[in-house]
Amino acid sequence: MLTHTLGFPRIGKNRKLKRSIESYWKKDISPKELADIAGSLRREHWQMQSQNGIDLVPAGDFSFYDQILDLSCALGAIPPRFDSAENMSDLDRYFLMARGDSSLPDIAPMEMTKWFDTNYHYIVPEFYPGMQFKTKRHPLIDHIGEAKTAGFTPKAVLPGPVTFMALGKAAHDGFDKWELFDSMLEAYCGIVADAAENCEWIQIDEPLLVTSLAPEMKARYEQAFNAVRKHAGSAKILLACYFDGIAHNLDIVENLPVDFVHIDCVRAPEEAENIMSSLKNGAGISLGLIDGRNIWRADLDKVLAAAGKAVDKLGSDRIMIAPSCPLLHVPIDIADETALDCTIQSWLAFAVQKCRETGIIRDTLISKRDTGSELEAARAALWSRQSHPDLKNTDVRERMAALSEDMFFRSKPYSERKDSVAEKLELPLFPTTTIGSFPQTGELRRTRRQYRVGKLSRDVYESSMKEYIEDCIRRQEELGLDVLVHGEAERNDMVEYFGEQFDGFCFTEQGWVQSYGTRCVKPPIIYGDVSRPEAVSVDWIAYASSLTDKPVKGMLTGPVTILAWSFERNDQSRRDTCLQIALALRDEVMDLEKAGISVIQIDEPAFREIAPIKEDSRQDYYRWAAECFRLASAGVADSTQIHTHMCYCEFNEIVREIASLDADVISIEASRSNMELLDAFRQYEYPNEIGPGVYDIHSPRVPSSEEMVQLLEKAAGILPPERLWINPDCGLKTRTWDEVMPSLRNMIEAAHKLRAEYSTQQ
Ligand code: GLN
Ligand code: ZN
């Protein structure tokens, strides 16, 4: 009975890899130095896994940016626009593909998008007609050698060929990327053959198998795995499926010529038995029993019972034990935390601890050693968590029990409340606003940090925040914006900021996970009932409002986004946790209104992100997600205008769900798609107001007023002009004032032109 992991976090302790890559970009270290650091990190990570009971360590999970991009490169699937960069080293061209280069503005980087329902972003493969694939040396071949030299038993890890192709995009409409499947597969098998020559185990990741698949995919899977089998020689093939169950695709999986199938027993615990009975060809099963997506210690007794059943059925030779998915999505080591409450710390398991748990399960099952004391410690931790008084807050429980239907709905529909809003706010046609944050200078960040570590008094901190707010208000007045914002100076992060002031959250020092490339995030942990001891944002926003006659918009992060960007509880439903957050936000909304704020924005950029992968579970998710948003927002008077904001997701599929939020106004990112996504809003006859972004905030470029007018005219051709707002795509905190001021000036000019044009027409 072997233990393994599907992948380990690669960023390294203290985000060593991130820091090294960024030094390389700044030319502070050489390619050789970067390679050496990467090699020693790999060895360190194998060591951590092996020491904690993992038999087969992954090789191929390491990447300088993204493992899907690594595969694109190893297959020679390089978009033609990078041909001109041929004098670059492979590594530099790789980074150019991933992130572009400001000195080569004509070569756009490849697109990036979210990996299934995670917050990890992969680089989207691009497929062109006639694309020539060729097998190049995949870096994992070297990694296999390194692992063996260092005395470990490696397992080669590759993204699967079908998932790879399915997640890529065709270079233009009308081109069927699957035409390339045969030739891609041939090159892919070259990599498999290289790996098989050096390694006894090959793991092929096919998370696509948890999604609903079109009927023709069955043949593709069969073709792909027959080919892989042929080229894998005597190596054992492990097909890895994760992030959900695969029962609905069992007719595909059961016939594939593989040695082991890995399943996610955390997301779909009920499926194991059925899958085990169905596997043909004597294939074994790898049980993904330890949660690779969350940070709680496992209930080992429960897991052992499930694993024991599997052993009874298949025998221990045909069972492998593993975490449910690659450990990329959890931080590295709980032992690195020095400031966390010790009791809470004892409830948590990061990647290293998850390896340990995996080892304990196996060792117990085959009585390899006495695991009694470790099992006892796990039980004690579980008990300590279950019985901890901070987990349950009686007030919150009472409020949850007393939720009534009317709390989820505004008292009147949008069509009947819009006049009272108009009367109160007196906004012009095409009102202008921004999404919330303004440029965050190094000085601002320093001030926040110093206050946080106690080096700055509250008075000094508050007065410098107020100075910033005042500056923001003056600038917005000077620009002539219609609905102003305070600028979010006090917020380091839109989720962390609220989490820190709500009860039920805790924070780590080193709990980083990779979001994309060298960007890492440190999600808060929701461990207990969520409540709001006191107002969070009201003072700042009321202060901003006191400085101007214009309406100032109160800015909040929505319940779904707070949930999505945190590690959540696993001892109650997601929906319940989200409702609790919504109640805390509802208090904040009501307090803002009481303080005279009549426009309140509740950001939900993660609304789409955590929708279940399986289509048939999505409706239920969207129902409760919208309920949570409305619970947070619906308590206000008719004349209070509720805004929401979403960005960087597929809007087409969710217009109806967005409409069910019943926000008076939604601002969305739209400039890069050239307003095309508005078609979905027209088709659905989206009933409320909408601000399609006219300014791509990811680019330092200052857009001209002409181009913004063009975008807006296009929008006004699609949606009724009297329901359109004008705003950037997203918050401006990553830009500089030098870029933001002229861009917003042009945006206001565009608004004036449009008003002139459309008011004469009406
Ligand atoms: N209000 C937030 C800001 O402006 C919204 C950020 C987001 O959508 N991710 O920064
Ligand atoms: Zn945004």
Side-chain angles (χ1 to χ4, degrees), residues 112-114 119 121 432-441 444-445 448 465 468-469 472-473 475-476 481 483-499 515-516 519 521 523 536-537 540-541 544 552-566 585 588-589 592 597 599-610 629 632-633 642-651 654 658 661 663 665-673 677 690-699 725-737 739-740 743-744 747:
M112 168 170 95
T113 196
K114 287 198 171 109
N119 189 23
H121 302 66
T432 54
T433 190
T434 60
I435 308 304
S437 58
F438 274 119
Q440 297 214 337
T441 54
L444 186 65
R445 292 207 180 87
R448 253 187 344 237
M465 291 300 126
Y468 181 90
I469 292 174
C472 286
I473 294 290
R475 284 172 188 264
Q476 294 173 83
L481 280 150
V483 174
L484 314 193
V485 296
H486 79 297
E488 301 181 21
E490 75 286 9
R491 304 184 189 175
N492 34 351
D493 173 276
M494 64 189 288
V495 169
E496 194 176 50
Y497 182 73
F498 287 91
S515 170
Y516 62 86
R519 173 142 173 92
V521 294
V536 176
S537 65
W540 299 123
I541 290 160
V552 170
K553 182 160 68 166
M555 302 299 312
L556 303 174
T557 304
V560 180
T561 300
I562 292 182
L563 177 80
W565 292 349
S566 304
L585 287 166
E588 186 75 7
V589 167
L592 280 169
I597 304 300
V599 185
I600 300 169
Q601 176 169 314
I602 305 174
D603 290 326
E604 285 289 21
F607 187 68
R608 169 83 181 73
E609 179 179 313
I610 57 165
F629 181 91
S633 57
I642 297 289
H643 288 221
T644 188
H645 164 71
M646 289 183 198
C647 46
Y648 312 104
C649 72
E650 282 295 324
F651 293 104
I654 57 163
I658 293 176
L661 302 180
V665 184
I666 180 171
S667 58
I668 55 171
E669 155 264 336
S671 71
R672 285 201 290 191
S673 82
L677 57 92
I690 179 164
V694 291
Y695 159 21
D696 174 11
I697 59 97
H698 281 119
S699 164
W725 284 64
I726 303 184
N727 46 256
D729 271 343
C730 191
L732 299 164
K733 74 174 183 189
T734 56
R735 298 263 64 92
T736 65
W737 281 115
E739 296 153 1
V740 165
S743 301
L744 291 180
M747 189 181 94

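Note that ligands are numbered from 1 as they come in the structure, with each ligand's atoms numbered from 1 the same way. Note that these values count all heavy atoms, side chains included, but never hydrogens, waters or copies made by symmetry.
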Q. If we ignore angles and hydrogens, is there a donor and acceptor under 3.5 Å between the side chains of S671 and D696?
A. no
Q. Just how far is it from atom CZ of F438 to atom CD1 of I469, taken to the nearest 0.5 Å?
A. 12.0 Å
Q. So how far is it from K553 NZ to T433 OG1, rounded to the nearest 0.5 Å?
A. 3.0 Å
Q.
Using the rule side chain to side chain contact (heavy atoms under 4.5 Å, CB included), only one of L592, I541, T561, D603 pairs with L556; which is it?
A. L592
Q) Is there a side-chain contact between L744 and T432 (heavy atoms, below 4.5 Å)? A) no
Every pair of nitrogen or oxygen atoms between ligand 1 and the protein that is under 3.5 angstrom apart - can you list them with their distances to 0.1 Å?
unit_1: ligand 1; atom_1: 1 (N); unit_2: I435; atom_2: O; d: 3.1
unit_1: ligand 1; atom_1: 1 (N); unit_2: E488; atom_2: OE2; d: 2.9
unit_1: ligand 1; atom_1: 1 (N); unit_2: D603; atom_2: OD2; d: 2.6
unit_1: ligand 1; atom_1: 4 (O); unit_2: I435; atom_2: O; d: 3.4
unit_1: ligand 1; atom_1: 4 (O); unit_2: S437; atom_2: N; d: 2.9
unit_1: ligand 1; atom_1: 4 (O); unit_2: S437; atom_2: OG; d: 3.1
unit_1: ligand 1; atom_1: 8 (O); unit_2: H645; atom_2: NE2; d: 3.1
unit_1: ligand 1; atom_1: 10 (O); unit_2: S437; atom_2: OG; d: 2.8

Q.
Taking the basic N atoms (NZ, or NE/NH1/NH2) and the acidic carboxylate oxygens, is any pair closer than 4.0 Å for E609 and K114?
A. yes
Q: Could you walk me through whether V599 and V665 pass the side-chain contact (heavy atoms from CB on, under 4.5 Å) test, one step at a time?
A: CA-CA 10 Å; V599 185; V665 184; over 6 Å; no
Q) If you round to the nearest 0.5 Å, how far is CH2 of W565 from CE of M494? A) 5.5 Å
Q | Under 2.8 Å from the Zn ion (ligand 2) - protein N/O/S, by chain and number | A | H645 NE2, C647 SG, C730 SG
Q) Are any non-hydrogen side-chain atoms of W540 and R491 less than 4.5 angstrom apart? A) no
